[in-house]
Chemist: 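One structure follows; several queries about it will come next.
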2 protein chains.
Amino acid sequence: MDTLDIDHVGVAVENLEEAISLYEDKVGMKLVHREDLPDRGIKVAFLVGRDGKTAVELMEPMNHEDQNNTVAKFLKSRGQGMHHLAVKVEDIESSLRDLEGKGLTLIDKKPRKGARGHLVAFVHPKSVMGLLLELVQESH
Amino acid sequence: MDTLDIDHVGVAVENLEEAISLYEDKVGMKLVHREDLPDRGIKVAFLVGRDGKTAVELMEPMNHEDQNNTVAKFLKSRGQGMHHLAVKVEDIESSLRDLEGKGLTLIDKKPRKGARGHLVAFVHPKSVMGLLLELVQESH
């Protein structure tokens with residue numbers, strides 16, 4: 001793995017609009033990006049603290065009843081709260097090969113396009129003691 | 001709230017030694033601090049990425065059977081995984097008054113001494129849509 005700084009913490013919420021208001025008005029973060037991700041069946045919003053870097057990604061499923069949707073399933077089984085931890089890597093292909101070589105189970109064997117145009121891939125939580133780890137390679 | 005950058009993500013684990021090995025050898029983070037927190041009945045380890053700032057706090061309860069211990073309870077009910085999100089604030093007393101004034105429920109009305117000698121306080125997850133939020137004021 002080349003770098004491993006936190007990119008964002010993914011948080012599953014029931015209502016994105018209410019969650020954005022809460023994080024902006026009460027918690028004090030700043031909304032910097034919104035996006036619909038139809039491939040993943042979710043709509044997301046990114047908020048940052050004062051450094052403008054570390055972020056929270058709020059995620060709401062487009063269809064709360066779709067139990068094929070991982071975020072909808074997560075909300076039903078565990079309720080609202082932290083869903084995944086995303087770390088920055090410089091070369092996501094090489095990081096994936098590295099982790100696979102070390103015996104970790106990958107959800108995504110190849111990177112795919114995620115929010116903000118970045119390349120992303122998930123590592124299975126069973127390989128990271130219950131932590132759903134996302135690798136993010138920034139687009140340039 | 002004065003600042004709101006991520007300080008660390010708290011992760012509950014069943015076995016701290018095995019978790020440190022996993023995060024160091026496989027995930028690629030660096031152990032920078034270990035501490036027993038007898039007041040909270042947990043032992044913790046902090047690991048950082050390449051920037052040396054953003055961190056993961058691994059937490060194992062000293063007594064896994066103690067159901068008065070919040071981390072032991074969390075492991076029994078939810079299993080291993082992300083437990084809390086900690087953000088940096090400059091003046092924790094003022095941040096707590098600010099959040100309380102906005103109607104959020106505080107677990108700690110006054111800051112207490114946490115890991116690394118820092119002042120910490122928790123906000124109730126029912127006020128932050130399921131997110132257990134920790135405020136951290138660094139000791140200088």
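Quick caveat, the model's predicted, so the values are computed rather than measured. Below, chains carry the letters A, B, ... as their sequence lines are ordered, and counting in each starts from 1.
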Chemist: Please tell me if the side chains of B:Glu35 and B:His33 come closer than 4.5 Å, counting only heavy atoms from C-beta onward.
Modeler: yes
Chemist: Give a yes-or-no answer on whether the side chains of A:His84 and A:Glu57 include a donor-acceptor pair shorter than 3.5 Å.
Modeler: yes
Chemist: Do B:Leu85 and B:Leu132 share a hydrophobic cluster (ILVMFWY, side-chain heavy atoms under 4.5 Å, transitive)?
Modeler: no
Chemist: Heavy atoms, side chains only, cut-off 4.5 Å: are A:Val27 and B:Leu133 in contact?
Modeler: yes
Chemist: Is B:Glu17 paired with B:Lys43 through a side-chain N to carboxylate O contact shorter than 4.0 Å?
Modeler: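 A salt bridge is absent here (no side-chain N lies under 4.0 Å from a carboxylate O).
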Chemist: Top residue by heavy-atom pair count (under 4.5 Å) with chain B, among A:Ala19, A:Gly101, A:Gly103?
Modeler: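 If we count pairs closer than 4.5 Å to chain B, A:Ala19 comes out on top.
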Chemist: For A:Glu14, is it the side chain, the backbone, both or neither that has a heavy atom under 4.5 Å from a heavy atom of chain B?
Modeler: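 Neither part.
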Chemist: Less than 4.5 Å to any heavy atom of chain B: does that hold for the side chain of A:Leu22, its backbone, both, or neither?
Modeler: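 Looking at A:Leu22, just its side chain touches chain B.
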Chemist: Are B:Lys88 and B:Asp5 close enough for a salt bridge, meaning some N to O gap below 4.0 Å?
Modeler: no
Chemist: Which residues, numbered in order, of residues 121-129 of chain A come under 4.5 angstrom of chain B by heavy-atom distance?
Modeler: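 Listed by number: A:Ser127, A:Val128, A:Met129.
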Chemist: Tell me, please, whether A:Phe46 has A:Arg34 positioned over its six-membered ring: NZ or CZ under 6.0 Å from the ring centre and within 45 degrees of its axis?
Modeler: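 No, a cation-pi geometry is absent between A:Arg34 and A:Phe46.
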Chemist: Select one option (side chain, backbone, both, neither) describing which atoms of B:Leu104 are under 4.5 Å from chain A's heavy atoms.
Modeler: side chain
Chemist: What I'd like to find out is whether the side chain of A:Met29 reaches to under 4.5 Å of the side chain of A:Val56, using heavy atoms alone.
Modeler: yes
